[in-house]
Protein chains: 2
Amino acid sequence: MTFSSPDMPVRERCLREATRLFADRGVAGTSIQAVADAVGVRKPSVLYHFASKDVLRVAVIDAMLERWKEVIPRALADAAGGKPRFEAIMGAVLDFFEDAPHRARLLVRECLDQPDEMRDRLAHHLRPWMGLVTEAIALGQREGRVHEDLDPEAYLNEIVVLASSHYAMTTVSHAVAPDRSDHQRDRDWERRCRNELVRIAQTSLFRPRPRPA
Amino acid sequence: MTFSSPDMPVRERCLREATRLFADRGVAGTSIQAVADAVGVRKPSVLYHFASKDVLRVAVIDAMLERWKEVIPRALADAAGGKPRFEAIMGAVLDFFEDAPHRARLLVRECLDQPDEMRDRLAHHLRPWMGLVTEAIALGQREGRVHEDLDPEAYLNEIVVLASSHYAMTTVSHAVAPDRSDHQRDRDWERRCRNELVRIAQTSLFRPRPRPA
DNA sequence: CCTACCGATCGGTAGG
DNA sequence: CCTACCGATCGGTAGG
């Protein structure tokens with residue numbers, strides 16, 4: 001029963017709380033009543049704004065996918081601003097999940113619950129800029145900067161899967177951590193995993209420099 | 001209503017069908033009635049073998065984690081048989097998910113639904129051989145075969161996350177596929193992604209050979 | 001392993 | 001945005 005700030009329209013508060021609840025317990029594990037409680041209204045009020053639970057589910061996913069449209073221009077702007085393309089795009093993707101960890105959980109959950117629907121939705125949302133990125137990778141291959149046996153589309157797919165799952169399962173990853181005594185160590189472990197994620201993506205993309213000067 | 005082979009004990013048929021249903025729709029999205037229907041018995045019969053839904057859930061996860069204990073010796077045997085360690089272990093992990101894709105979905109779902117419980121369970125199941133593998137990686141670093149800036153524990157964590165999520169989300173990954181006209185292309189795309197997954201893990205682990213002959 | 005049954009909660013509607 | 005209410009299904013039990 002965590003109330004959303006009461007000065008926000010009820011419709012948006014429903015979206016916000018439903019996003020959090022769906023991410024944490026899944027759609028099937030979240031009742032409309034639970035959303036109503038979190039918002040601080042009665043159940044039929046939620047159903048006034050969203051005709052059915054499924055309508056609410058679709059609206060929640062839509063809201064998350066819409067955010068991607070802000071991420072892409074930012075990455076392109078960073079790249080235009082002189083920042084290397086890899087770091088701009090990788091940074092944008094990681095920031096997208098990092099400043100709202102439930103986004104990653106929601107995304108992965110929905111991929112499991114509604115694979116066919118998500119396949120089409122992601123194709124629609126990601127296709128345009130996926131094309132740009134794979135082209136950039138292919139250019140890098142022709143210029144000899146990128147591993148020539150790399151498969152651009154497949155590479156991009158695996159890295160997106162890795163990034164989203166990495167953030168969806170941060171809590172669990174502590175199982176592998178060599179020691180976990182206090183919270184400081186937990187933070188440290190998360191930083192190490194994030195660094196390693198970037199290193200893996202980077203090392204498997206770029207060829208080593210031909211000869212260090 | 002897909003019946004399990006009726007010559008198998010009911011208890012094991014419950015485990016089998018529950019595993020499939022939990023993987024596809026999640027625990028919250030699967031009723032005991034649905035399990036009973038799939039097995040071909042009445043609901044109270046399921047509850048006779050598993051005192052509650054949660055007991056069934058735990059038994060299903062246990063059965064999956066038990067399989068890991070068969071995977072590790074196989075990988076070690078392959079490695080002892082002269083096969084390079086990386087290929088033996090990577091092959092064992094991929095085979096584990098590949099010959100039963102719902103195992104990956106079940107694992108990822110449970111990591112989202114019960115993160116704290118899964119953290120402890122995985123720690124218990126994975127810790128012993130995780131230690132062996134990270135030691136092998138550290139040895140490779142001292143011998144100059146493995147990237148020296150690699151973080152062994154974090155690397156292993158990310159690769160396990162990538163492998164499980166890769167198989168949990170195969171259906172969705174087709175969103176990124178450049179074209180998907182027929183089933184032959186789908187198979188082809190899956191093969192490309194699997195190859196790329198192995199290439200990413202391999203390239204980000206081993207240093208490039210010092211000088212090709 | 002079954003029939004019969006329990007209270008609680010589910011998603012959703014009527015009507016204001 | 002609320003009260004009042006619907007039938008269906010939920011997890012689980014009694015008793016044989």
Side-chain angles (χ1 to χ4, degrees), chain A residues 1-63 106 109-110 112-114 117, chain B residues 1-63 106 109-110 112-114 117:
Chain A
M1 257 186 251
T2 328
F3 293 117
S4 280
S5 41
D7 53 327
M8 202 187 285
V10 169
R11 204 193 120 87
E12 311 211 347
R13 283 194 278 162
C14 289
L15 277 175
R16 200 192 183 90
E17 298 302 324
T19 300
R20 197 177 48 83
L21 287 163
F22 289 173
D24 284 347
R25 319 174 195 197
V27 175
T30 304
S31 61
I32 301 178
Q33 184 67 60
V35 176
D37 288 346
V39 172
V41 295
R42 304 292 181 175
K43 191 171 60 164
S45 304
V46 176
L47 286 161
Y48 165 76
H49 291 287
F50 304 92
S52 74
K53 196 187 187 185
D54 203 64
V55 168
L56 174 59
R57 197 203 93 233
V58 171
V60 163
I61 309 297
D62 273 339
L106 184 68
R109 271 192 194 279
E110 207 61 15
L112 291 167
D113 287 343
Q114 313 285 345
E117 187 193 302
Chain B
M1 257 187 252
T2 327
F3 293 118
S4 280
S5 41
D7 52 326
M8 202 187 286
V10 168
R11 191 178 189 280
E12 312 212 347
R13 284 194 277 161
C14 288
L15 276 175
R16 201 194 182 89
E17 298 301 323
T19 301
R20 197 178 47 82
L21 287 164
F22 288 172
D24 284 347
R25 318 174 196 196
V27 175
T30 304
S31 60
I32 302 178
Q33 184 66 62
V35 176
D37 288 346
V39 171
V41 295
R42 303 292 181 176
K43 191 172 60 164
S45 304
V46 176
L47 286 162
Y48 165 75
H49 291 287
F50 304 92
S52 73
K53 196 189 186 183
D54 202 64
V55 168
L56 174 58
R57 196 203 93 232
V58 171
V60 164
I61 310 296
D62 274 338
L106 184 68
R109 271 192 193 280
E110 207 60 17
L112 291 168
D113 287 344
Q114 313 285 346
E117 187 193 303

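Bear in mind that the values here come from a model prediction, so they are computed numbers and not experimental data. Chain A is the first sequence line, chain B the second, and so forth, proteins listed ahead of strands; every chain is numbered from 1.
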Query raised in the report: Does B:Lys53 reach the main-chain N or O of B:Thr30 with its side chain, forming a donor-acceptor pair under 3.5 Å?
Result: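 Between the backbone of B:Thr30 and the side chain of B:Lys53 there is a qualifying donor-acceptor contact (under 3.5 Å).
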**Report entry** A:Arg57 side chain vs A:Val27 backbone, donor-acceptor pair below 3.5 Å
**Finding:**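 Absent.
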Side chain of [X], heavy atoms from C-beta onward: which of [options] has the nearest atom to it?
{"X": "B:Lys43", "options": "D:dG12, C:dC10, D:dA4", "result": "D:dG12"}
{"X": "A:Gln33", "options": "C:dC10, D:dC2, C:dC2", "result": "C:dC10"}
{"X": "B:Arg42", "options": "D:dC10, C:dC1, C:dC2", "result": "C:dC2"}
{"X": "B:Ile32", "options": "C:dC1, D:dT3, D:dG11", "result": "D:dG11"}

Query raised in the report: Is the phosphate of C:dC10, meaning OP1 or OP2, less than 4.0 Å from a side-chain N or O of A:Ser31?
Result: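 Affirmative; the distance criterion is met.
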Query - Side-chain N or O of A:Ser52 closer than 4.0 Å to phosphate OP1/OP2 of C:dG11 - result: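 False: A:Ser52 side-chain N/O out of range (4.0 Å or more) of C:dG11 OP1/OP2.
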Given atom [atom1] of [X] and atom [atom2] of [N], what is their separation to the nearest angstrom?
{"X": "A:Leu21", "N": "C:dC10", "atom1": "CG", "atom2": "P", "result": "12 Å"}
{"X": "B:Met8", "N": "C:dC1", "atom1": "CE", "atom2": "P", "result": "13 Å"}
{"X": "B:Tyr48", "N": "D:dG15", "atom1": "OH", "atom2": "C1'", "result": "15 Å"}
{"X": "A:Phe50", "N": "C:dT13", "atom1": "CZ", "atom2": "C1'", "result": "18 Å"}
{"X": "A:Leu47", "N": "D:dC2", "atom1": "CG", "atom2": "P", "result": "12 Å"}
{"X": "A:Leu56", "N": "C:dG12", "atom1": "CG", "atom2": "P", "result": "10 Å"}

Query raised in the report: Does some side-chain heavy atom of A:Leu106 sit less than 4.5 Å from a side-chain heavy atom of A:Val60?
Result: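 A:Val60 vs A:Leu106: side chains touch.
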Requested in this report: Would you mind reporting whether A:Phe22 and A:Leu56 have side-chain heavy atoms less than 4.5 Å apart?
Outcome: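 Yes, close enough: below the 4.5 Å cut-off.
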Query raised in the report: Side-chain donor or acceptor of A:Lys53 under 3.5 Å from a matching atom on the base of C:dG12?
Result: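 Checked by distance alone, the answer is no.
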Requested in this report: Both distances under 3.5 Å, Watson-Crick or G-U wobble: report the partner of C:dG15, or none.
Outcome: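 Check on C:dG15: paired to D:dC2, both distances under 3.5 Å.
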Report task. Would you kindly compare A:Pro44 and B:Arg11 by the position of their nearest DNA chain C nucleotide and give the one closer to the 5′ end? Result ->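 Nearer the 5' end of the strand: B:Arg11.
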Query raised in the report: What distance separates B:Arg109 CZ from B:Leu112 CG, expressed to the nearest 0.5 Å?
Result: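 One gets 8.5 Å once the value is rounded to the nearest 0.5 Å.
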